[in-house]
Structure formats: structure tokens, C-alpha cells
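As the structure is a computational prediction, the values presented were derived from the model and not from experiment. We use all heavy atoms of the structure for the numbers below, so side chains are in, but hydrogens, waters and symmetry mates are not.
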Amino acid sequence: MPRVAEVRKSAAAPSSERQNERWDRMLAAAAELGAHTAYEQVQMQEIARVADVALGTLYRYFPSKARLFTAVFNARIARFVAEEWPTGEGGGVQKVGERLAALTRRLVEQPLLCGSMVRATTVDYCDPSEPHAPMAEADIYRATLRTLGVEDPGPELETAVRMLVYGWWGVLVSCLSGRTSPDEARQQIELAARRLLAGEAPGQETPAR
């Protein structure tokens, strides 16, 4: 799975309330257009117009369309974790699987936009021209550990959680392409959570095979 929300160091980052407001408008404009227009047809100039910013401003924060839709993906995942992934610890492996399945459903509710975000994230991640700073992948990682009640995971649990996140990405792509139904996606994600995390997380037994 690409590291789902990564911002390269050369791209400008908002540093004031006004800049953050402008940043949010650009993301909202990209999401609005991307929800109804195929990725190839979305134009940066139109995004700038809808966001009411200069085209140069848009490119200063997002040097490419891929970078912009990667940031939209990042924001969507971060918002889901903040609003729809319970903040209290506990719930165990089953809750992790349920939340990842719910995240999948939420993203594919807008298939055109989800397709654009997935495509952009993949393109952006595979571009080796500049270093990446992972962000939203870490949101899912931390939410998973919080749900498991773990503050300091050992190397095996850390690896298991990362494998689960990568597996979730694959299921998301398969569901988006229509190869996997939403119900099958839920079953696959919940099974992956049980197989990868049970036995590694505290108080969780390894499931019988």
C-alpha cells in the first residue's frame, strides 16, 4: 500500500489561520470536482477557480494533481479516524476490523473521487524524486494500536499492524474496481484483522485454523 498521505518537503505547508482556511478550500474544491469528474478530466485551473485562489497559489501548495488528491485522501482518512473511530481504548481485534471495513464503505460511497484519490496516491508514492513524510498511514496505525490498548508495540505487533493496513489498501482497490463486493470486503478485512492481530495483541488468542 502506498503511504496514504505523504507531503513532500518542497511543497508549501500552511502556517497561519488564513493559509489553513485557503488549504481547506483547495481540498474541498478538489473533492467536489473529483466526486463528479473523472481524474483525467479534472483541471487544476478549475480547482483553483472553485476554491477562489490563484492558480499559482494552488501549485505552491500542491505542485501536481497527484499531490493534491493524495492530500484529499489524507484528509478523508484523518477525518474518519477523528470522527468515526472511537477515541476510547479497547474493543480489541474485532473493533479494528469493523472500523477498517467502515472506512472502506465510507470511501467507496463516492467511487469517482475514491478512484482519483487511490490513483493519485499510488502515483505520488511511486515518484522517487523527493522524500516522503508519512502522515495518514500513521493515523490508521495509531488508531489500531489505541483500539488494541497498546502504547508501546513490540516489533512483531508493529509489523502485523502495518501488514493489516497494507492488506486493507488492497481490499479497498479491489472493492473500488468491483472485483470485491462491499460485504466480501468487510469479511476479508475482518478476517485479516483476526489472523494478523490475534495472538500478537494483548489478551487476544490466536484463532483456530
_Leu148 vs Leu157 side-chain heavy atoms within contact, under 4.5 Å_ = yes
_Under the ring-ring contact (aromatic ring centres under 6.0 Å, His included) test, residues paired with Phe80 that sit two or more places apart_ = none
*Going through the distances and angles, do Leu100 and Val171 end up as a side-chain contact (heavy atoms from CB on, under 4.5 Å)?*
CA-CA 10 Å; Leu100 287 174; Val171 173; over 6 Å; no
*Over-ring placement of Arg162 relative to Tyr141, 6.0 Å and 45° cut-offs*: yes
*asked:* Tell me the closest heavy-atom pair linking Ala29 and Ile47, and the distance in Å.
replied: CB-O, 3.6 Å
_Spacing of CZ belonging to Arg25 relative to OG1 belonging to Thr57, to within rounding of 0.5 Å_ = 9.5 Å
*Pairing residues for Asp152 by the salt bridge (Lys or Arg N to Asp or Glu O under 4.0 Å) criterion, not counting sequence neighbours*: none
*Measure the acute angle between the ring planes of Trp23 and Tyr61, then classify it against the limits of 30° and 60° as parallel, tilted or perpendicular.*
perpendicular
*asked:* Give me the atom names and distance for the closest heavy-atom approach of Gly34 to Val42.
replied: CA-CG2, 4.3 Å
*Are Leu55 and Leu27 linked, directly or through other ILVMFWY residues, by side chains that come within less than 4.5 angstrom of each other?*
yes
_Does Thr122 form a side-chain contact (heavy atoms from CB on, under 4.5 Å) with Val173? I'd like the steps, not just the answer._
CA-CA 11 Å; Thr122 303; Val173 172; over 6 Å; no
*Decide yes or no for Val123 and Thr70: does some side-chain heavy atom of the first lie under 4.5 Å from some side-chain heavy atom of the second?*
no
*Could you check if a side-chain atom of Arg119 sits within less than 4.5 angstrom of a side-chain atom of Glu40, using non-hydrogen atoms only?*
yes
_Sub-4.5 Å side-chain heavy-atom contact between Ile140 and Leu103_ = yes
_Return the OG to OH distance between Ser64 and Tyr59, rounded to the nearest 0.5 Å._
8.5 Å
*Would you kindly say whether Glu184 and Gln188 are connected by a side-chain donor-acceptor distance under 3.5 Å?*
no
*asked:* Test side-chain contact (heavy atoms from CB on, under 4.5 Å) on Leu112 and Tyr39; report intermediate values, then the result.
replied: CA-CA 8 Å; Leu112 271 179; Tyr39 182 74; over 6 Å; no
*asked:* Distance check, rounded to the nearest 0.5 Å: Arg60 atom CZ versus Met26 atom CE?
replied: 8.0 Å
*When you check the side-chain N and O atoms of Ser16 and Arg18, is any donor under 3.5 Å from an acceptor?*
no
*Return the minimal non-hydrogen interatomic distance between Leu145 and Pro153, and the atom names on each side.*
CD1-CG, 3.7 Å
_Using only atom types and a distance under 3.5 Å, with no angle test, would you say the side chain of Lys65 pairs donor to acceptor with the backbone of Met44?_
no
_A side-chain contact here means heavy atoms from C-beta on lying under 4.5 Å apart; do Asp183 and Gln187 qualify?_
yes
*Identify the heavy atoms of Pro111 and Leu176 that sit nearest to each other, and give their distance.*
O-CD1, 3.6 Å
_For the student: nearest non-hydrogen atoms of Ala120 and Ala66, plus distance_ = CB-O, 3.4 Å
*With respect to Trp85, which candidate in Thr144, Thr147, Asp139 satisfies the side chain to side chain donor-acceptor pair (under 3.5 Å) definition?*
Thr147
*Within the distance-only criterion (no hydrogens, no angle test), does the side chain of Ser177 pair as donor or acceptor with the backbone N or O of Ser174 below 3.5 angstrom?*
yes
*Do Glu98 and Arg186 sit within salt-bridge range, that is, some charged N less than 4.0 Å from a carboxylate O?*
no
*Identify the heavy atoms of Val72 and Ala31 that sit nearest to each other, and give their distance.*
CG1-CB, 4.2 Å
*State, yes or no, whether a side-chain contact exists between Leu58 and Leu68 at a heavy-atom distance under 4.5 Å.*
yes
*Can you tell me how far the CG atom of Asp124 sits from the CZ atom of Phe62, to the nearest 0.5 Å?*
11.0 Å
_Per the salt bridge (charged side-chain N to carboxylate O under 4.0 Å, His left out) rule, what does the pair list look like for residues 75-84, sequence neighbours excluded?_
Glu84-Arg106
*Determine whether Trp168 and Met163 make a side-chain contact, defined as any pair of heavy atoms from C-beta on separated by less than 4.5 Å.*
no
*Test item: Leu107 and Met117 side chains (from C-beta on) under 4.5 Å apart, heavy atoms*: yes
*Verify the neighbour count for atom CD of Glu17: are there more than 12 heavy atoms of other residues, nucleotides or ligands below 6.0 Å?*
no
